[in-house]
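What follows is a single structure, written as structure tokens, with notes after it.
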Amino acid sequence: MKQIAMLINARDTLSHIRPEIYGHFAEHLGRCIYGGIFVGEDSPVPNVNGIRSDVAEALRHIRVPAVRWPGGCFAEEYHWRDGVGPREQRKKVVNVNWGGVVEDNSFGTHEYMELCRQIGSKPYINANLGSGTVREMEEWVEYVTAAGTPMAELRAANGHPEPWQLPYLGIGNENWGCGGQMTPETYAAEYRKYASFCRDHQGNRLHRIACGPSSADYHWMEVLMRSLTGTGGGCGLACGIDLHYYTMPIWPEMDSATDFDDKLHYATMDSAFFTDELLTRHTEIMNRFDPENKIGLVVGEWGCWHQVEPGTNPGFLYQQNAMRDALVAAIELNIFNRHSGRVRMANLAQTVNVLQSLLLTEGDKMVKTPTYHVFDLYKEHQDGTLVYCYTDGDKAADGYKAPMISSSCSVKNSVMTLTLANCSLTEAAQIDCDVCHFPADTVRARILTADTHAFNDFGHPDDVVIQPWKAEWQDGRLSVVLPSCSVMEITLRKA
Ligand code: AHR
């Protein structure tokens, strides 16, 4: 058993953990939207206005704060008018990015807003810069948020007289790649034009988000920040820069989601832990150009990208989700919390049936992945204040970089939430933590622990689930055993 000393100081308050850090991403890709979220009103699968009731309930439970839609690369070929009006008259197109299947546009703007309403999430529309026009994007914003204009009348004719709120607008996706293969200079110039014409209508305030770098492309961040800072009042033309980083430990090869050895387990932890360096270096660039911290860093796509499951369409990116993925989620979310001074939003790719999903569905069956349970364990961080939390005696496995223990701690009202992950395959940790300036009355712990290969599936949905755990709390000292391969939430509560 490894002895680990920790120190938390509740008076050392660091930054606000915006709920949006716990955001998600749902693209028209494989079975994420169709079958995973939307089944249509006539489906035998229980639904409300076409949206699966089991999925909506599961998402409500973890308090999803924002869902990025409709892509991804799909967004860069999406034309919003194809997805409004009577469903039977909507245009059918080919989803050229993802499997070449027919996209019948039955899930469009109204259905997406209905999803957000049902799960209590803020909308985050990512609009098409690569193959769209300024006018098309401008009119989409008008359609969604305006009153008394031609687009508002069209929206009313399509069944929704009241404008919606649209807090987040992404302007382009991966414009260094599938969104047009642009240089950062070209994209920055295009972005300024598009962003200028996407207006704030009536009571709506748009936070415009620019396409950010792929992983460690610091040059992209530098060019964008130089071009976008000081472009108006508030956060100006850009309130966020959207970085994408996937955990792919043996890139350009792909690993299996469930069949991997110990080395690959630790390489995956390293790949997740690299996010800390990535955010530190991107933040340094942002600090140089924007010392007042007006522009937020958004991690608009993150998560494990494995091989597709054997026998499934390679264009659908359907993968299983093991305890290893849960550890990745736990490490990443602790890192996002710790960087919440600059990181304003993050969106796991993707919500249902695609990449590191929260939920898997098959017909009317649904299963919660280990990653889903991590979001459940971490949800009390949303809207909390990050406080100082230090871990001592914590080493990586031989030859690797990711520390054995990952942690973050926040305080909200009279509750302190500490989240911990132990990525060791073999060693448990005895955690002894001094907690300063938080005279709590009660302690509660919950744990997710299993073999790194363990996963939930339709025949065995509860192999990896949250269990209660024992923690001791006395005179400002917290003691708990953190088993190998585990993620834990500890709640200290003042009466
Ligand atoms: O999430 C799958 C794809 O990964 C998205 O469409 C794209 O933005 C990224 O490359």
Side-chain angles (χ1 to χ4, degrees), residues 1-17 21 269 272-273 276 279-280 327 329-341 343 374 376-397 401-424 426-449 466-495:
M1 176 97 69
K2 179 107 175 170
Q3 303 295 316
I4 300 282
M6 287 186 69
L7 176 66
I8 293 172
N9 183 354
R11 279 204 193 142
D12 196 350
T13 55
L14 300 167
S15 46
H16 175 216
I17 300 175
I21 284 179
M269 300 303 115
F273 181 62
D276 188 45
L279 299 185
T280 302
L327 289 165
I331 291 170
E332 299 266 16
L333 291 169
N334 282 332
I335 292 171
F336 297 157
N337 284 346
R338 286 181 176 272
H339 283 267
S340 55
V343 174
V374 173
D376 193 356
L377 289 175
Y378 277 55
K379 66 187 176 196
E380 293 306 330
H381 282 308
Q382 293 189 29
D383 233 350
T385 300
L386 182 75
V387 297
Y388 178 88
C389 171
Y390 173 74
T391 310
D392 196 31
D394 178 22
K395 299 234 166 35
K401 293 187 182 137
M404 176 179 169
I405 309 296
S406 145
S407 65
S408 66
C409 184
S410 68
V411 173
K412 190 168 56 181
N413 304 320
S414 53
V415 176
M416 174 178 279
T417 302
L418 169 65
T419 47
L420 299 164
N422 179 356
C423 70
S424 169
T426 52
E427 208 172 6
Q430 168 64 51
I431 308 267
D432 289 301
C433 180
D434 285 321
V435 180
C436 307
H437 308 298
F438 201 82
D441 297 291
T442 60
V443 63
R444 181 191 76 157
R446 298 194 297 157
I447 194 170
L448 188 73
T449 187
I466 296 173
Q467 310 277 358
W469 195 248
K470 188 171 176 345
E472 281 166 20
W473 170 246
Q474 202 173 17
D475 301 331
R477 187 150 240 250
L478 173 71
S479 301
V480 70
V481 173
L482 187 65
S484 58
C485 259
S486 66
V487 182
M488 189 178 288
E489 178 212 29
I490 298 175
T491 309
L492 294 172
R493 193 177 293 270
K494 295 188 216 167

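Side chains included, hydrogens not; waters and symmetry mates left out as well; all remaining heavy atoms used.
- Without hydrogens or angle criteria, Arg338 side chain to Leu386 main chain gives no donor-acceptor distance under 3.5 Å.
- Here the OG1-CD1 distance, from Thr391 to Ile405, works out to 7.5 Å after rounding to the nearest 0.5 Å.
- Between the CZ atom in Phe336 and the CG atom in Asp276 there is a gap of 10.5 Å [rounded to 0.5 Å].
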Cut-off 3.5 Å, no hydrogens considered: what does the side-chain donor-acceptor table look like for residues 487-495, sequence neighbours left out?
unit_1 : atom_1 : unit_2 : atom_2 : d
Glu489 : OE1    : Arg444 : NH2    : 3.2
Glu489 : OE1    : Arg446 : NE     : 2.9
Glu489 : OE1    : Arg446 : NH2    : 3.4

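- Nearest heavy atoms, Asn422 versus Ala429: ND2-N, 3.9 Å.
- Going from atom CG of Asn334 over to atom OG1 of Thr419 covers 4.0 Å, rounded to the nearest 0.5 Å.
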Report task. Please step through side-chain contact (heavy atoms from CB on, under 4.5 Å) for the pair Met404 and Ser484, ending with a clear verdict. Result -> CA-CA 9 Å; Met404 176 179 169; Ser484 58; over 6 Å; no
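- The aromatic rings of Tyr378 and His381 sit perpendicular to each other, their planes meeting at more than 60°, with 30° as the lower class boundary.
- With rounding to the nearest 0.5 Å, the separation of OG1 in Thr280 from NE2 in His339 is 3.5 Å.
- Taking CD1 of Ile21 as the start and CD of Gln382 as the end, the distance is 9.5 Å to the nearest 0.5 Å.
- With contacts defined as side-chain heavy-atom distances shorter than 4.5 Å, the pair Ile431/Ser407 does not qualify.
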Requested in this report: Please test Glu472 against Val443 for side-chain contact (heavy atoms from CB on, under 4.5 Å), starting from the C-alpha separation and ending with a verdict.
Outcome: CA-CA 7 Å; Glu472 281 166 20; Val443 63; over 6 Å; no
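- Judged purely by atom type and a 3.5 angstrom limit, Lys412 uses its side chain to pair as donor or acceptor with the backbone of Glu380.
- Within the 3.5 Å criterion, the main-chain N or O of Ser408 finds no donor-acceptor partner in the side chain of Asn337.
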Report task. Begin from the C-alpha positions of Cys436 and Asn9 and carry the test side-chain contact (heavy atoms from CB on, under 4.5 Å) through to its verdict. Result -> CA-CA 5 Å; Cys436 307; Asn9 183 354; 4.1 Å; yes
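- Note that the CG atom of Leu420 and the OG atom of Ser486 stand 8.0 Å from one another [nearest 0.5 Å].
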